[in-house]
Amino acid sequence: AQSVTQLDSQVPVFEEAPVELRCNYSSSVSVYLFWYVQYPNQGLQLLLKYLSGSTLVESINGFEAEFNKSQTSFHLRKPSVHISDTAEYFCAVRRGSNYKLTFGKGTLLTVNP
Amino acid sequence: DVKVTQSSRYLVKRTGEKVFLECVQDMDHENMFWYRQDPGLGLRLIYFSYDVKMKEKGDIPEGYSVSREKKERFSLILESASTNQTSMYLCASRASDRVKRGREQYFGPGTRLTVT
C-alpha cells in the first residue's frame, strides 16, 4: 500500500525566512503528487501538483516543489514566507490509475512576526 | 467556479443517533470521496464513489455507510453514532481520468461533528 511521510509535524519560522516542508512517499512507480493547504476552519485547497514533465512545479503564491524520483521525495519550498502562509500543509500521492489519494499526516507551518 | 458544499459546518449529535452528512458538487464530477480528519492522523478515506450507485470502501469504513443516488450528491451515514466518531468530515470530488489523467480533488469546507 502507498504511504506518505511528512517528516515534520510542526514548522515554526519567522516572517521572510525560507522554509522547506518535507514529503517522502513509498512507491517509485508512476505517481501523481500533490500539495494541499488548509487554512484555519476551512477545507483543503490545491497548492500545486506534479503529473509529468518538468520536475519543478510552482504555485501562484511563491511556493515550489521538486519531484525527485530517486529519493521518492516531493519537498515544498518557499524562499520568503508571509504571516498569511500560516496553515497546515498536506502532501498527497496518487498511484497511476488508482482512485485513491493517500495523504500524509500534515505539517503545521506557523509564521511568526 | 468549482464548488463542493456540505450541509452543515458544525453538528452535535447524541450517542446512538443516526447521522446524515450531505455533500453536493456542481462540477459534474464522476468521483466523490468522504474523509475524516483527526489531529496527528491526517486525512483518512472512509468511502468513495466512482459513479451513481457505485461505492467502494476506503481505509476506515467501519461504522459508516454511504449513498449516491444522484451524480451530484454523496451522503455519509453514521448508522449509530459513537463518541469515537467525533471528528472533522471532509467531502471531495474529482473528474474522471477518461479525459485527462491526474486531476486534483476539490474539497468542501468540512463538517465538524461532535458525538456526546
Side-chain angles (χ1 to χ4, degrees), chain A residues 1-10 21-26 29-54 57 59-60 65 67 74 87-108, chain B residues 1-6 8-10 21 23 25 27 29-51 54-61 74 88-112:
Chain A
Q2 188 69 260
S3 69
V4 179
T5 302
Q6 290 185 242
L7 293 154
D8 305 294
S9 60
Q10 296 187 50
L21 308 183
R22 296 177 292 169
C23 173
N24 286 90
Y25 59 95
S26 61
V29 298
S30 176
V31 292
Y32 304 126
L33 298 159
F34 305 85
W35 275 100
Y36 283 86
V37 59
Q38 185 179 34
Y39 298 103
N41 298 315
Q42 295 186 26
L44 275 69
Q45 304 171 33
L46 181 70
L47 192 59
L48 46 76
K49 63 183 177 182
Y50 170 79
L51 304 180
S52 63
S54 172
V57 289
S59 72
I60 57 172
F67 168 55
F74 191 53
E88 191 154 23
Y89 292 79
F90 292 93
C91 181
V93 175
R94 182 182 162 203
R95 183 178 168 182
S97 60
N98 196 313
Y99 286 103
K100 255 185 75 170
L101 192 60
T102 301
F103 285 86
K105 293 183 178 180
T107 298
L108 179 62
Chain B
D1 199 18
V2 164
K3 198 79 172 180
V4 180
T5 57
Q6 296 183 229
S8 306
R9 291 300 303 272
Y10 300 93
L21 302 183
C23 175
Q25 50 96 2
M27 298 161 284
H29 284 169
E30 290 79 6
N31 303 310
M32 295 187 75
F33 306 81
W34 275 107
Y35 295 89
R36 65 177 281 176
Q37 182 181 12
D38 300 288
L41 297 178
L43 276 75
R44 293 179 292 167
L45 182 65
I46 305 171
Y47 267 96
F48 68 95
S49 168
Y50 51 91
D51 203 348
M54 307 303 288
K55 62 186 179 185
E56 284 200 26
K57 294 180 180 180
D59 299 317
I60 52 165
F74 192 34
M88 170 72 88
Y89 290 87
L90 291 166
C91 175
S93 73
R94 189 186 74 219
S96 167
D97 282 335
R98 281 196 306 269
V99 175
K100 183 178 177 183
R101 296 191 71 81
R103 292 187 174 192
E104 64 266 30
Q105 291 185 13
Y106 294 88
F107 284 83
T111 295
R112 188 167 293 281

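- When atom types are taken as modelled, the side chain of Ser8(B) and the backbone of Tyr10(B) share no donor-acceptor pair closer than 3.5 angstrom.
- For a residue to count as touching a neighbouring chain, one of its non-hydrogen atoms must lie under 4.5 Å from one of that chain's; by this rule Gln37(B) touches chain A with the side chain only.
- A donor-acceptor distance shorter than 3.5 angstrom exists from the side chain of Tyr36(A) to the backbone of Gln105(B), with no hydrogens or angles considered.
- Proximity to chain A (any heavy atom under 4.5 Å) is shown, for Tyr89(B), by neither the backbone nor the side chain.
- Neither the backbone nor the side chain of Arg44(B) comes within contact range of chain A; no heavy atoms are under 4.5 Å apart.
- The two residues His29(B) and Ser93(B) have their closest heavy-atom pair at ND1-OG, 2.8 Å.
- With a threshold of 4.5 angstrom between heavy atoms, Leu46(A) approaches chain B through side-chain atoms but not through N, CA, C or O.
- Asp59(B) touches chain A through its side chain: at least one heavy atom from C-beta onward sits under 4.5 Å away, while N, CA, C and O do not.
- Of the two parts of Leu43(B), the backbone and the side chain both hold a non-hydrogen atom closer than 4.5 Å to a non-hydrogen atom of chain A.
- Only the side chain of Gln38(A) has a heavy atom closer than 4.5 Å to any heavy atom of chain B.
- Under the 30°/60° scheme for interplanar angles, the aromatic rings of Phe74(A) and Tyr50(A) are found to be tilted.
- In terms of heavy-atom pairs under 4.5 Å with chain B, the best-connected choice from Gln42(A), Lys100(A), Gln45(A) is Lys100(A).
- The candidate with the highest count of non-hydrogen atom pairs below 4.5 Å against chain A, out of Gly40(B), Pro39(B), Gly110(B), is Gly40(B).
- Between the side chain of Arg9(B) and the backbone N or O of Asn41(A) there is at least one donor-acceptor pair closer than 3.5 Å.
- Of the possible donor and acceptor atoms, none in the side chain of Ser59(A) sits under 3.5 Å from a partner among the backbone N and O of Leu48(A).
- For the pair Trp34(B) (side chain) and Phe74(B) (backbone), a donor-acceptor distance under 3.5 Å is present.
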